[in-house]
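The structure displayed is predicted, hence computed values, not measured ones.
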Amino acid sequence: MPQNTIFCRACWYLLLYESAENLLILLLCFPPRLYSKVDNKMPSLLTAALHCLFLLVTAYCHTTQTSNFYPITQYVGVEEESTHSEPQRQKPNVCPPSDENVSCCYCEAGAYNESKACSQLSLPSNQSCGYIKDMPFYRFHCDPEPCIGDPHCTGEPVDIHMSVTLDQAFSDDLRNSSSVLYKKYKDDFENAFLQSYTCLSGFLSVTIIGFRPGGISVDYNVKGRAVTFSEIHYSNSRVPKFLNQSYHLIPSSFTTEITNERNITVSPEEIFEGDTVTLMCEINAKSGDAIWYHSNQTISNSSQHLLKTEPTTGVLKSNLTITNVTTKDSGSYTCVFSKISDYYRLTYKNIQDITVSSLSITSYSNDMKISCNSPDFQATSNLLFCCLNIYSTSIKSVWKLNGINPTTGASNDTKNCTEYEFNITESLCLPESATVMTYTCEFQTGHGARASQNITVTYSRTDYVRISPSVNISVSEGKEFNLTCKGDVKNYDSIIWEIQSGDKIQTVECASCITTNKSIATSVLSVNVSTQDWNGTYICTFSNKSSNTSANVTVNVIPLPLTTNIWLDPIKTSIQCKKSQHFNCCISANTMEDYTVTFVVQGKEFQPERKNYGNFLCYSYNYNETECGKQQNFEVYYRFVNGMKQEVKSQNIQLKLTPESSISCTENFYGAEEDRLIKPCRLLSNTFIRGNEIYKCYNKLWILERNNCVSEQINSLLIRAESLVNSPVAKTELPIFLWQLQNVTELQQNVNSPADLAAIVNILYNISAIPADASKPIIEAFFSTVDNTVNDSKMEFWTELNNENASSSSLLLYSVERFSENLQPVNNTFPNVSTKTLELQGMVVTENRSTDYNKDFNKVGNLSANVLIEKSVTLPPNSTIVSVACSAIGQILPRNDNEYVNSLVVITTLSSERPQNFYINMTFQKANMSLKSPQCVFWNFSFNGNRGKWDNYSCISTDKEGNVTCSCNHLTPFSILMSLENPSSNAASAYITYSGLAISIVSLVVCIIIESLVWKNVTNNTTSYMRHICILNISTSLLVADIWFIVTAVISEQKLQKNREICIVATFFIHLFYLCGLFWMLSLGLILFYRLVFIFHNTSKTIQKVLAFCLGYGCPFVFAVITIAVTLPQKNYINKDVCWLNWKDSKALLAFIIPALAIVVMNLFITGVVIIKILRPNIGDKTNKQERKTLFQIGKSLAILTPLLGLTWGFGVATIMDNKNEAFHILFALLNTLQGLFILVFGTLWDKKITEALLKRNSLSRWSSQQTKSTSLILVSPMFSMGYPLSRTFNNLCGKTGKYTVSSSEPSSSSENTSKSYSLLN
């Protein structure tokens, strides 16, 4: 090539590819010899210079038009990187002149022309390069060409694996990289490859990999940026030019393989089962064959796969579409493009891994059933949810109702879960049928994958059961709790309570705990004393033959010691001031609860010391009383508090503060002589003995006075009974316990103290509350135990127990009654069971029963009895009647004086409520025919401070020969009481009482008639007026009282106790009017006192009359009303055996005795004042005649005033002091029953003015009227009694007492005040 051409080309390149400044440097620095060597003629150099100048101007114009053009700098070194930026490819670059024979005549980087050789000017216009005719030198433009492995020409490096084959034999030296042959081959081929591939756009390096047989295959790597296929083709064709022909290179053996590119795009990025996935593979080629592989398996078109290959603007694309993918479609996908030409074989491999995830709903709401008739209908949760197994932002959720999008409700998405809140609609609650709504939660990817779940919501009216409280509760041991189970269940047979504790489920069998009302479908479980047996989950089930409906709630029982399980030492003791006293308290250590224990003394709390003592936790405290002036007796206790802050107090420890000077006993405990110390019984290994030990301080020593400790065997049974009665399985365990109890009590040596006997009674009382099947073994076991406690060998123990505050005999009777009441029939029948002292019979009431309940008892005690309840008495079907006849229990019950149980004791119980028309008739055979006065009585457990007592309320008795028939309107233990009486004394008292009452009633009627006839004639002044007012009201009051007394006598004689209301009314009026008579006697006495003392003082008649009426009727009315109001509600207003105020139970008789005795005392004082007034006029020396006259006057006044002012009531005190003296009783009855006669004689007939008025009224004038003074005595009605009808009852504070008053006639002249003052007596 001519050197001027080379120079010109260099200038062109400098101008085109570098800058004008570089061109200037070239011109200045080019050696002159170059020109001389090329041509010795100057014009050639000038021509070249002009040529370059033209190029400079042309380049300047061109660069101004193509400001975005940047050339590519080629690399000539191996693995040397360019520091220039990649070319901009918005516009095509220009081809060099076509007539220049340059080694690298090609389109610039980023452009391509398939021939790679500059065409002649005559190149058809349809070729890639177009003509630029406005340029001085015509050159072609090239179109942009995509880059290999980089369709967007980002300039990322590309590794191209290439090989070429030599047509010669392979030598083993080529396997050894250190051999000469290997090195020669390597150097020659690297040099040829460098010269050939340096022209590649963005060339970086070429590296020989090695040689392998098959001829000789040369493996090498080419690395470049933005390399195009045409460049590879052109560079391959240039390799033979730089390689010795002796290598015999086969031009068509070039192969190219690109495997490290990631030009496969996957849509979508996250793939789930059911999606449609598209894999798109791109290469920089206009044509070629594409093959897809999945795990080395060729993919072809099918129902699931769709292949499509198409070229676009120099880029060849192949799409693989997979529909409804599954997890089996996961793995590696390979896209392989193949293209074969004369100088290369191109293999393009692109590998892409895809993972198909499963799309499934792992959790979702259960199907819901909404009970339209449930009370919680509107409170039912209306929130549905679904959760996927995976979370992705590309997954969307949708809810549908019955297949369509709902118009109501609201959804909410949270990560992989979706929630839907639907509206509960009452309109969907149809009366008969159910309404089913199907809600569908659906997750969608938008590419075909979806997962859905149907949730049904059923609206119906179904059976439901609810327990309240509905939340789990905690309760402390020993406390009570209630659970109410209520249901809306059709046609159920029973309601069953069960307790589940762990895997164990047991039925609650406690009749006293469960109250069921079938009419309102409600059952209440009431636990009065909760124990650990009640801890668990409670299940209430409404059961029928076809199905069960239930609800449940959990109850946690928190440990807390029961009061009976707290051991105290001491129980009662004396303490000394400023001396320490040791107190101890122990509980079972079988608990995990950490109690807070305090020792409390009069509100002050002290922390005791805790110690372990075997199987017990003991809390001890040394108390020192420092306040010596405080009260002598007080109580202390221990308090236990559990984790729930609930507490229990121990029994009180009774303390007595004793002065040091009185202390006699000092061993462990202080005490004065005769003081008593009560200590607990000993501790056993796991429990302690019930009872106590009583010590007495005697001669400075504590002496055991009484041992109330229970034997170990009975103690164990007592503890078990207390636990059993509070157990939910009491009914199941009762038979075994009764059998053990019977065996223990049958041995005489096991019951050897009153404490043992009382413990057995407590055991029977506890287990009697447990419902038991009415089987013969169970009844016999219970009755035999009762027999063992009432046999003759135990009578001494019963006497001692009955003297205590709590009556064990009454408790035993109640235990038998409660046991029979809780018996449940077996096969709708009750067996006839008899033991030594007890006999049981019963029946089940059937619907429309046609027979009477008529049971004969004749197997115990050699006595007989009959119980009759007529069929006319309406009883509900399936109710039960059970009767028990007892021959021995009646003999151990406390009795009244002179009264004895003279028959069997019959107990009858009814399981249902007693109807209003209920009557029970019982016939008893008398045991002792010598006893008299039979009474039908029943044992009233509430009387006598709950110790019990015989009562005859609402019973009518009929005595026929050797039997007594009782008709009563209630049910309790019945019997008859009879007494030993003295017929002679009773007859005398009755004769005096009733004879005197008859005389008094007649006398009082006559007195009232006379007073009415002579009233105007004898009331001419204030004193006379008030005197006759008092006499008239005294007579009236006593007359009414006497009449009511006769009424009560008739009631008592005819045994009309069922008309007890008449008895109450009669008692009220007797009480009221006898008090009225007494208070009017007091009024008369006060008038006498006023006239004797206040001689010169006059009070108006109106004032005196008002005061007299207030005192005479107001005060008695207050006493009578208060008495009946206080005592009648307690049913102890009257006595049980007589219509008079009660004394033994309520002390109501005091409402009569106190005012009566107070009036007697006041009138006695007034009598003394009268005697003093009589003695006062006799001043100075007295003759014997005057003294005799004075004594006569005093005696006369006493004789008048004693009955007139009611002083004879003082004889009632004598009957109380000497109850056995019959003379006092007869005298008291005689004086008080004749009070009506005394009023007539001394108050009326002996009054001169009354007699004159009577004579004048009858025209009789023979009576003298010159007497100036007169005195009369009025005797009022008697006190009544049942034993000694009058006097003896007063002695017993149950009888009636007489009343007395005083009155006198008016003086003939009232002009002198002194004569007025004595007119009441003289």
Side-chain angles (χ1 to χ4, degrees), residues 75-79 101-106 112 114-117 148-149 158-201 203-224 227-260 283-289 291 336-349:
Y75 290 79
V76 294
V78 178
E79 298 181 358
N101 184 16
V102 295
S103 61
C104 294
C105 183
Y106 61 93
Y112 76 99
E114 287 188 352
S115 64
K116 294 303 292 184
I148 295 177
V158 177
D159 287 332
I160 306 172
H161 303 288
M162 302 187 68
S163 68
V164 66
T165 304
L166 306 181
D167 187 13
Q168 54 181 322
F170 184 79
S171 175
D172 290 336
D173 289 341
L174 293 178
R175 300 180 189 275
N176 185 3
S177 61
S178 60
S179 66
V180 176
L181 182 62
Y182 182 91
K183 291 180 180 180
K184 180 180 182 304
Y185 269 61
K186 182 177 183 300
D187 291 340
D188 290 346
F189 276 95
E190 281 187 349
N191 181 53
F193 289 156
L194 278 174
Q195 294 186 63
S196 300
Y197 294 107
T198 299
C199 296
L200 291 176
S201 300
F203 173 77
L204 295 177
S205 64
V206 60
T207 305
I208 299 297
I209 302 300
F211 305 94
R212 54 186 171 82
I216 298 176
S217 294
V218 182
D219 295 329
Y220 61 99
N221 282 345
V222 177
K223 188 174 184 179
V227 180
T228 63
F229 288 133
S230 57
E231 291 176 340
I232 291 291
H233 174 74
Y234 180 71
S235 296
N236 289 344
S237 65
R238 295 178 65 245
V239 171
K241 296 179 181 180
F242 300 101
L243 190 64
N244 195 307
Q245 294 182 358
S246 61
Y247 283 105
H248 301 289
L249 184 144
I250 303 174
S252 62
S253 65
F254 283 98
T255 63
T256 302
E257 182 177 320
I258 301 174
T259 60
N260 66 335
I283 62 171
N284 298 326
K286 296 179 61 177
S287 62
D289 298 325
I291 301 176
V336 179
F337 282 94
S338 297
K339 185 175 182 180
I340 301 175
S341 67
D342 294 340
Y343 290 96
Y344 69 94
R345 177 187 177 90
L346 174 63
T347 301
Y348 179 91
K349 290 185 179 180

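A search for ring-ring contact (aromatic ring centres under 6.0 Å, His included) contacts involving Phe193 returns Phe189, Tyr197, Tyr220, not counting sequence neighbours. Listed by chain and residue number, nothing satisfies the salt bridge (Lys or Arg N to Asp or Glu O under 4.0 Å) test with Lys183 (two or more places apart in sequence, or in another chain). Judged as a salt bridge (Lys or Arg N to Asp or Glu O under 4.0 Å), and not counting sequence neighbours, the contacts of Lys186 are Glu190.
Atom OG of residue Ser205 and atom CG of residue Asp159 lie 8.0 Å apart, to the nearest 0.5 angstrom. We find the CD1-CD1 distance between Ile232 and Ile160 to be 4.0 Å, quoted to the nearest 0.5 Å. Rounded to the nearest 0.5 angstrom, Tyr247 OH and Asp167 CG are separated by 15.0 Å. Taken to the nearest 0.5 Å, the CD atom of Gln195 stands 10.5 Å off from the CG atom of Leu243. The CG atom of Leu249 lies 10.0 Å from the CD atom of Gln168; values are rounded to the nearest 0.5 Å. Note that OG of Ser217 is 13.5 Å distant from CD1 of Ile209, once rounded to the nearest 0.5 Å.
Glu257 has its side chain within reach of Lys349: a pair of non-hydrogen atoms, C-beta onward, lies under 4.5 Å apart. In this structure, Val164 and Val239 have side chains that are not in contact, with every pair of non-hydrogen atoms separated by 4.5 Å or more. Side chains of Phe170 and Arg175 form a contact here, defined as non-hydrogen atoms less than 4.5 Å apart. Inter-residue side-chain proximity for Thr255 and Thr347 is flagged as unmet; no heavy-atom pair is nearer than 4.5 Å. Counting heavy atoms from C-beta on, the side chains of His248 and Leu166 never come closer than 4.5 Å. Looking only at side-chain heavy atoms (C-beta outward), Val180 and Asp173 stay at 4.5 Å or farther from each other.
Nearest approach of Ser179 to Asn176, heavy atoms of both residues: OG-O, 2.8 Å. When all heavy atoms are compared, the tightest approach of Thr165 to Ser253 is N-OG, 2.8 Å. Scanning both residues, Tyr185 and Leu174, for their nearest heavy atoms gives CG-CD2, 3.9 Å. Nearest approach of Met162 to Asn221, heavy atoms of both residues: N-OD1, 4.5 Å.
For Tyr182 and Phe211, the ring centers sit closer than 6.0 Å to each other.
Using modelled atom types, one side-chain atom of Ser235 and one backbone atom of Ser196 make a donor-acceptor pair closer than 3.5 Å.
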